[in-house]
Chemist: 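Got a structure for you, written out below as structure tokens; questions coming shortly.
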Amino acid sequence: MRLLSRLDGDAFDAAVSAFLQARSTDLDAGKARWRAVAVDGKQLRGSRAAGGKAVWLPAAMDHAGTVLAQRQVDTKSHEAPAFVPLLDGLVPEDAVVTADAAHTQHANGIWPREQGAHYIAVVKGTLPARSSS
């Protein structure tokens, strides 16, 4: 417990995620398939960050159940702005990224396409219409 509390959480998560991704790539060697990556955020029940707010961790997970990356969201924010930094360097060309309505924002839909990936999102009626200009 004392060791883990002294670690940089983001650096530790990046190291574990890199290991799991390398292992996943080794297991998938020789298989031609699109990689599916799901993005979702969860509140850590019973956790508190500075200021007393609950800790939120958006994560990217492949459909085999491997957590590829996760980040702690700033207590003054929500999970949508963490979408691109979470996936940066992670999403290969021809990946299919899925996300819930919390991540359905224009920039979050454009970024995967710029990387050569595909994006499937939930769109609710509360999303403001964009002009075509």
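In this chain, numbering begins with 1 at the start of the sequence shown.
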Chemist: How long is the straight-line distance from OG1 of Thr104 back to CZ of Phe83, given to the nearest 0.5 Å?
Modeler: 8.5 Å
Chemist: Is Asp62 reaching over with its side chain to a backbone N or O of Gly65, donor-acceptor style, under 3.5 angstrom?
Modeler: yes
Chemist: I need the minimum non-hydrogen distance between Ala82 and Val73, along with the two atoms involved.
Modeler: CB-CG2, 4.3 Å
Chemist: Locate the shortest heavy-atom distance separating Pro112 from Gly109; write the atom from each residue and the value.
Modeler: CD-O, 3.6 Å
Chemist: Is it the case that one hydrophobic cluster holds both Trp111 and Tyr119, taking links as side-chain heavy atoms less than 4.5 Å apart, direct or via other members?
Modeler: yes
Chemist: Once you round to the nearest 0.5 Å, how far does CD of Gln115 lie from CG of Leu87?
Modeler: 9.5 Å
Chemist: What's the separation between atom CZ in Arg113 and atom NE2 in His118, rounded to the nearest 0.5 Å?
Modeler: 5.5 Å
Chemist: Would a 4.5 Å heavy-atom cut-off, applied to side chains only, mark Asp40 and Pro58 as touching?
Modeler: no
Chemist: As a quick check of understanding, evaluate side-chain contact (heavy atoms from CB on, under 4.5 Å) for Val37 and Thr98, giving each step before the final call.
Modeler: CA-CA 6 Å; Val37 178; Thr98 62; over 6 Å; no
Chemist: What distance separates Leu57 CG from Gln72 CD, expressed to the nearest 0.5 Å?
Modeler: 6.0 Å
Chemist: Determine, stepwise, if the pair Leu86 / Val84 fulfils side-chain contact (heavy atoms from CB on, under 4.5 Å).
Modeler: CA-CA 5 Å; Leu86 178 71; Val84 171; over 6 Å; no
Chemist: State the CD-CD1 distance between Gln105 and Ile110, to the nearest 0.5 angstrom.
Modeler: 11.5 Å
